[in-house]
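Reading through the structure tokens given below for one structure.
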Amino acid sequence: MCHRDGSLKRAVAANPEKFIHRDEHLVHMLKTHRASGRSVFLATNSLFDYTNVVMNFLISGKTGAQKTSEWLQYFDVVMVGCAKPSFFQHRAPLFSVDANTGMLKNTDNGAPIIPIDEQDMSEESAAVPSSAPTRAGSGGSSGSITSPPTAVGEGSVRCGSNVFQGGWYMDLHKMLGVTEGSQVLYVGDHIYGDIVKSKKDIGWRTMLVVPELELELEKLGRSMKMQEELRQLRHLRDEYDDRIQRLRWSIRSNKGMGEGGVEDQTYRDSLQLLEAAETDRAQLKARHSALLRNHHRQFHPVWGQLMRTGHQNSRFAHQIERYACLYTSHVNNLAFVSPEKSFMGRMDLMAHEWEDAEAAGPGAGTLGER
């Protein structure tokens, strides 16, 4: 309810530094990508009043009466009230937003509507830069970066302001001259509303922001010895399982009787070996389970490691692998790589190849970047 009635947003607006973490690299990252010839857009479900509060603080640290519209210069298009994930599937009315007053104006798919009485036309609404070339782009819910288009789409339209409310992805494509979804790199922090739907429905390239990843990587680095012990214990448990299964099969096949119905010595030895192996396996299992619980509690006392469920990937991790082309702890990490960077995926390894990679040592299975 606090999200719908506005009480949460009012608290953030009153004291943004309490809830929002600023990053000194954000402006540099935006400037760098725009200077490289790429277009940058912002697409958010928030309306303009709240978007203006957040972006003023993120870009320049301004709050309250200090707020300006200067932050708009870092974006080619700003779309608020997007209603994602519906934004990727269904057409909706598109309005132009007056950045000074927050008032909405009707548009015809992004183009200004000419009033019936031409005397009421303002110079701003009379100018329709439909023939001006635009740079195709992409974006994200917290600011996104795009790759250059192969061709500028015809019929690109833009009202006097670069701020809009509503609409759908096709309106954005027309404004930026995007001709196909793969030209867009969309950065978002919601696995379903941002990443799954934009990738699955319209083919955008995607980058998921996972803030918890930074802490996870730090804790993973501190627990390398524990992870190695867990791998060794798991390998030993597999060996003991194989040994116990072979002994059981040998005992069952032998029936335990030699000539004259006398119990065979081999049979008795197998029984002793089986009993010892089962005892050792139980101890290994207890040690392994306790260590695994302690390992997960380092990350979270209840949920454990974000990307893991025991030894398997979590559902969240599976969705990231399938729908996120990239993932990072913060969008500003893009400031540390060239705008021309091509990210290469990891090479897929089958089970027999993983055994060789593990034998080669830590990092041997890392054949690319994610």
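Everything numeric in this text was worked out from a predicted model, so none of it was measured.
- Residue pairs meeting the salt bridge (Lys or Arg N to Asp or Glu O under 4.0 Å) criterion with at least one partner in residues 283-297, sequence neighbours excluded, are Glu229-Arg287.
- Judged purely by atom type and a 3.5 angstrom limit, Thr328 has no side-chain atom pairing as donor or acceptor with the backbone of Val331.
- Only one option out of Tyr186, Trp204, Tyr323 pairs with Asp194 in a side chain to side chain donor-acceptor pair (under 3.5 Å); it is Tyr186.
- At least one cation-pi condition fails for Lys84 and Phe88: the charged atom is not both under 6.0 angstrom from the six-membered ring centre and inside a 45 degree cone around its axis.
- For residues 268-291, the set of pairs meeting the ring pair (Phe, Tyr, Trp, His ring centres under 6.0 Å) definition, not counting sequence neighbours, comprises His288-His311.
- Evaluation of the ring pair (Phe, Tyr, Trp, His ring centres under 6.0 Å) rule for Phe87 yields no partner, not counting sequence neighbours.
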**Request:** Please report the C-alpha distance between Arg315 and Gln319 in whole Å, then the side-chain angles of each, then the deciding distance to 0.1 Å, and finally whether the side-chain contact (heavy atoms from CB on, under 4.5 Å) criterion is met.
**Result:** CA-CA 6 Å; Arg315 172 65 174 167; Gln319 290 180 316; 4.1 Å; yes
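- Taking CG of Leu334 as the reference point, atom OG1 of Thr32 lies at 10.5 Å (rounded to 0.5 Å).
- Contacts of Gln232 classified as side chain to side chain donor-acceptor pair (under 3.5 Å), with partners at least two apart in sequence or in another chain: Glu228.
- Take His295 and apply the ring pair (Phe, Tyr, Trp, His ring centres under 6.0 Å) test, not counting sequence neighbours, and it matches Phe299.
- Here the side chain of Thr44 pairs no donor or acceptor atom with the backbone of Cys82 at under 3.5 angstrom.
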**Request:** Show the numbers, then the answer: is there a side-chain contact (heavy atoms from CB on, under 4.5 Å) between Phe164 and Asp171?
**Result:** CA-CA 10 Å; Phe164 297 86; Asp171 295 321; over 6 Å; no
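- Note that the CG atom of Leu326 and the CG atom of Asn333 stand 11.0 Å from one another [nearest 0.5 Å].
- Side-chain N or O atoms of Ser253 include none that pairs as donor or acceptor with a backbone N or O of Ser250 at under 3.5 Å.
- Remark: side-chain polar atoms of Asp76 are paired, donor with acceptor, to backbone N or O of Val40 under 3.5 angstrom.
- Side-chain contact between Leu104 and Val97 is present, with at least one heavy-atom pair separated by less than 4.5 Å.
- Between Leu42 and Met79, every side-chain heavy-atom pair lies at or beyond the 4.5 Å cut-off.
- Side-chain contact check for Glu216 versus Val210: every heavy-atom pair is 4.5 Å or farther apart.
- Nearest heavy atom pair, residue Leu233 against residue Leu284, reads CD2-CD2, 3.6 Å.
- Linking ILVMFWY residues whenever their side-chain heavy atoms come closer than 4.5 Å, directly or via other members, places Leu72 and Val80 in the same cluster.
- The stretch residues 198-214 participates, sequence neighbours left out, in these salt bridge (Lys or Arg N to Asp or Glu O under 4.0 Å) pairs: Lys197-Asp201.
- Surrounding CG of Asp242 are more than 12 heavy atoms belonging to other residues, nucleotides or ligands, all under 6.0 Å away.
- Pairing each heavy atom of Ile320 with each of Met307, the nearest pair is CD1-CE, 3.4 Å.
- At least one side-chain heavy atom of Phe41 sits under 4.5 Å from a side-chain heavy atom of Leu176.
- Hydrophobic clustering of Ile, Leu, Val, Met, Phe, Trp and Tyr side chains at less than 4.5 Å, counting indirect connections, unites Phe57 with Tyr50.
- In terms of heavy atoms, Leu58 sits closest to His21 at CD2-O, 3.8 Å.
- Figure legend: Arg243 and Tyr240 shown as a cation-pi pair, the cationic atom lying under 6.0 angstrom from the six-membered ring centre and within 45 degrees of its axis.
- Partners of Arg248 by salt bridge (Lys or Arg N to Asp or Glu O under 4.0 Å), not counting sequence neighbours, listed by chain and number: Glu278.
- Shown here for Thr63 and Pro16, the closest heavy-atom pair between the two residues is CG2-CG, 3.3 Å.
- Judged by distance alone, the side chain of His296 and the main-chain N or O of Gln305 form a donor-acceptor pair under 3.5 Å.
- Taking hydrophobic clusters as Ile, Leu, Val, Met, Phe, Trp and Tyr residues chained together by side-chain heavy-atom distances below 4.5 Å, Met170 shares a cluster with Ile202.
- Judged as a ring pair (Phe, Tyr, Trp, His ring centres under 6.0 Å), and not counting sequence neighbours, His28 has no contacts.
- Counting only residues at least two apart or on different chains, the salt bridge (Lys or Arg N to Asp or Glu O under 4.0 Å) pairs with a member in residues 43-67 are Lys62-Glu70.
- Between the side chain of Arg246 and the backbone N or O of Asp241, no donor-acceptor pair lies under 3.5 Å.
- Rounding to the nearest 0.5 Å gives a distance of 9.5 Å between OG of Ser86 and CG of Asn45.
- Looking at Thr279 and Glu275, their side chains never bring a donor and an acceptor atom within 3.5 Å of each other.
- For the atom pair OG (Ser69) and CG (Asn52), the distance works out to 7.5 Å, reported to the nearest 0.5 Å.
- Phe343 has its side chain out of reach of Leu185: every pair of non-hydrogen atoms, C-beta onward, lies at least 4.5 Å apart.
- Under the 4.5 Å side-chain heavy-atom criterion for ILVMFWY residues, no single connected hydrophobic cluster contains both Leu217 and Leu230.
- Across all non-hydrogen atoms, the minimal contact from Phe95 to Asn106 is CE2-OD1, 3.1 Å.
- Here Glu239 pairs with His235 under the side chain to side chain donor-acceptor pair (under 3.5 Å) rule; sequence neighbours left out.
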**Item:** From CA spacing to verdict: side-chain contact (heavy atoms from CB on, under 4.5 Å), Phe316, Leu208
**Value:** CA-CA 11 Å; Phe316 181 57; Leu208 177 67; 4.0 Å; yes
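- For the atom pair Leu30 CG and Ile59 CD1, the distance stands at 5.5 Å (nearest 0.5 Å).
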**Request:** Test side-chain contact (heavy atoms from CB on, under 4.5 Å) on Trp71 and Thr51 and set out the steps.
**Result:** CA-CA 11 Å; Trp71 63 272; Thr51 303; 4.0 Å; yes
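- Val53 and Phe48 end up in different hydrophobic clusters when Ile, Leu, Val, Met, Phe, Trp and Tyr side chains are linked at under 4.5 Å.
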Could you pull out all donor-acceptor pairs under 3.5 Å where a side-chain atom in residues 218-225 meets a protein atom, sequence neighbours excluded?
{"from": "Glu218", "atom 1": "OE2", "to": "Arg222", "atom 2": "NH1", "distance (Å)": "2.8"}
{"from": "Lys219", "atom 1": "NZ", "to": "Gln298", "atom 2": "O", "distance (Å)": "2.7"}
{"from": "Ser223", "atom 1": "OG", "to": "Lys219", "atom 2": "O", "distance (Å)": "3.0"}
{"from": "Ser223", "atom 1": "OG", "to": "Leu220", "atom 2": "O", "distance (Å)": "3.3"}
{"from": "Ser223", "atom 1": "OG", "to": "Gln227", "atom 2": "NE2", "distance (Å)": "3.2"}

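- Under the side chain to side chain donor-acceptor pair (under 3.5 Å) criterion, Glu340 pairs with Arg38, not counting sequence neighbours.
- In this structure a side-chain-to-backbone donor-acceptor pair under 3.5 Å is missing from Asn15 to Val12.
- From Leu94, atom CG reaches atom NZ of Lys105 across 13.5 Å, with rounding to the nearest 0.5 Å.
- Within the 3.5 Å criterion, the main-chain N or O of Phe75 finds a donor-acceptor partner in the side chain of Asn162.
- The environment of Tyr192 atom OH is sparse: at most 12 non-hydrogen atoms of other residues, nucleotides or ligands sit within 6.0 angstrom.
- Between Gln165 and Gly81, the closest heavy-atom pair is CG-CA, 4.3 Å.
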